[in-house]
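Labels below follow one simple rule: chain letters A, B, ... track the order of the sequence lines, proteins then strands, and each chain is numbered from 1.
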2 protein chains.
Amino acid sequence: MRKWLTKHKSTILYTISLAILLFVLRWLELRFLVINNAFEIYAGGIAILFTALGIWLALKLSTPKVNTVVVEKEVFLPRPPEFTVNEKELEKTGLSGRELEVLQLMAEGLSNQEIAAKLYVSLSTIKTHSSKVLEKMDVRRRTQAIDKAKKLNIIP
Amino acid sequence: MRKWLTKHKSTILYTISLAILLFVLRWLELRFLVINNAFEIYAGGIAILFTALGIWLALKLSTPKVNTVVVEKEVFLPRPPEFTVNEKELEKTGLSGRELEVLQLMAEGLSNQEIAAKLYVSLSTIKTHSSKVLEKMDVRRRTQAIDKAKKLNIIP
DNA sequence: CTCAGAATCAGCCTAAAGTATGAGGGAAAA
DNA sequence: TTTTCCCTCATACTTTAGGCTGATTCTGAG
């Protein structure tokens, strides 16, 4: 019942307004009936009144148009930009697991000798790996490889 | 003149509508005048008609209600270029302008020879600078210097 | 099973990087 | 003015990096 009331509020309002105005008209009629020539004025009055009512109804009850504007807000990643490996670029290079490992240690500033010691293999092995890394990454120096790998998000 | 027309378009339209409707009323009057009791029906008709006109006017000529809703969409940017030199750490190292310049080029993967060419100086000069850089940064390899400098925010 | 790729190692050679020492010129501070 | 950096260049030497060739072992895909 409540729902029905709110749902048809505008209709009820309009009906009541109409009824009241008709009543007023009836009363006015008694006053202006004597003046026959005032009929057009009377009709015009009604017209203006109800025009105003219509405008009021339209403005009051029309649902406002919602305009959604999507604003792109640039968000920079916080200080330590959580590093996630760019798998696509990593695959493109064709680096093997061991080669990537060597590349990472290179980036930390270790010499081939130190890398060899850390991975418990010979210097020759690391030289082979590092050569492969340079070849696969299409560079000529380890510093270039490091720079490129960082730019491609292959290493942190 | 043209401007005046467009500016008062709504007023003119309303006036014309009113005039036409009053004329119609006048005509209707001749038909319904015989029926005295039909006066309320007649008034109600006018009321409904002009209500409709009012609604139409309001909807057609009023600036539509627009509720602008701003939705912020977060766009994440990889590797923000917002780099600011850590002046404190830079001073601690005691690096001179030229030495810092060489360090930056080192980090881009350039060889001493290439750096020399780029700065229009001899290889010897760059070797001297690079040695000074390694000494002042307390490292033994350029890769270490690069890694350390990046971690200290001395270079991007 | 065979073949390809990955990982391991070695030797040899060149290129680049790094160390040490010295030295001249310029600019700014003491 | 003298001192102190900074930038420049050179020569000689050692170490590290990188290129090239070739070899062995192992594993997974075809």
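The shortest heavy-atom contact between A:Thr143 and B:Gly109 is OG1-CA, 3.4 Å. Considering every non-hydrogen atom in both B:Ile154 and B:Glu89, the closest pair reads CD1-O, 4.1 Å. Pairing each heavy atom of A:Leu110 with each of A:Lys118, the nearest pair is CD1-CD, 4.0 Å. The nearest pair of heavy atoms linking A:Ala145 to A:Met137 is O-CE, 3.9 Å. When every heavy atom of B:Arg98 is checked against every heavy atom of B:Val121, the shortest pair comes out as NH2-CG1, 3.8 Å.
With A:Glu99 as the partner, the side-chain hydrogen bond (donor to acceptor under 3.5 Å, both in side chains) test is satisfied by one option alone out of A:His129, A:Lys132, A:Lys136, A:Gln104: A:Lys136.
Using a 4.0 Å heavy-atom criterion, one finds that A:Ser111 contacts the sugar-phosphate atoms exclusively.
Counting to the nearest Å, the C1' atom of D:dT21 and the NZ atom of A:Lys132 are 12 Å from each other. If you take CD of A:Gln144 and P of D:dA17, they are 16 Å apart, rounded to a whole angstrom. D:dA17 atom P lies 8 Å from atom CE of A:Met106, rounded to whole Å. Atom P of nucleotide D:dG18 and atom CD of A:Glu135 are separated by 13 Å, given to the nearest angstrom.
Rotation axes derived from the C1' atoms of the five outermost pairs at either end of the helix from C:dC1-D:dG30 to C:dA30-D:dT1 lie 50° apart, to the nearest 10°.
Under a 4.0 Å N-O distance rule, the pair A:Lys148/B:Glu108 does not qualify as a salt bridge. Note on B:Arg141 versus A:Glu114: salt bridge recorded, some NZ/NE/NH1/NH2 to OD/OE distance being below 4.0 Å.
A donor-acceptor contact closer than 3.5 angstrom is absent between the side chains of B:Thr125 and B:Thr128.
Two residues are said to be in side-chain contact when any heavy atoms from C-beta on lie closer than 4.5 Å; A:Arg142 and A:Asn112 meet this criterion. When side chains are defined from C-beta on, B:Leu119 counts as touching B:Ile126, because their heavy atoms get closer than 4.5 Å.
Contact footprint of chain B on DNA chain C: nucleotides with an atom under 4.0 Å from a non-hydrogen protein atom, first to last in 5' to 3' order, C:dA17 to C:dT19.
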Output one letter per nucleotide in nucleotides 3-9 of chain D: B when a protein non-hydrogen atom lies under 4.0 Å from the base, S when only the sugar-phosphate is that close, - when neither is. ---SSBB
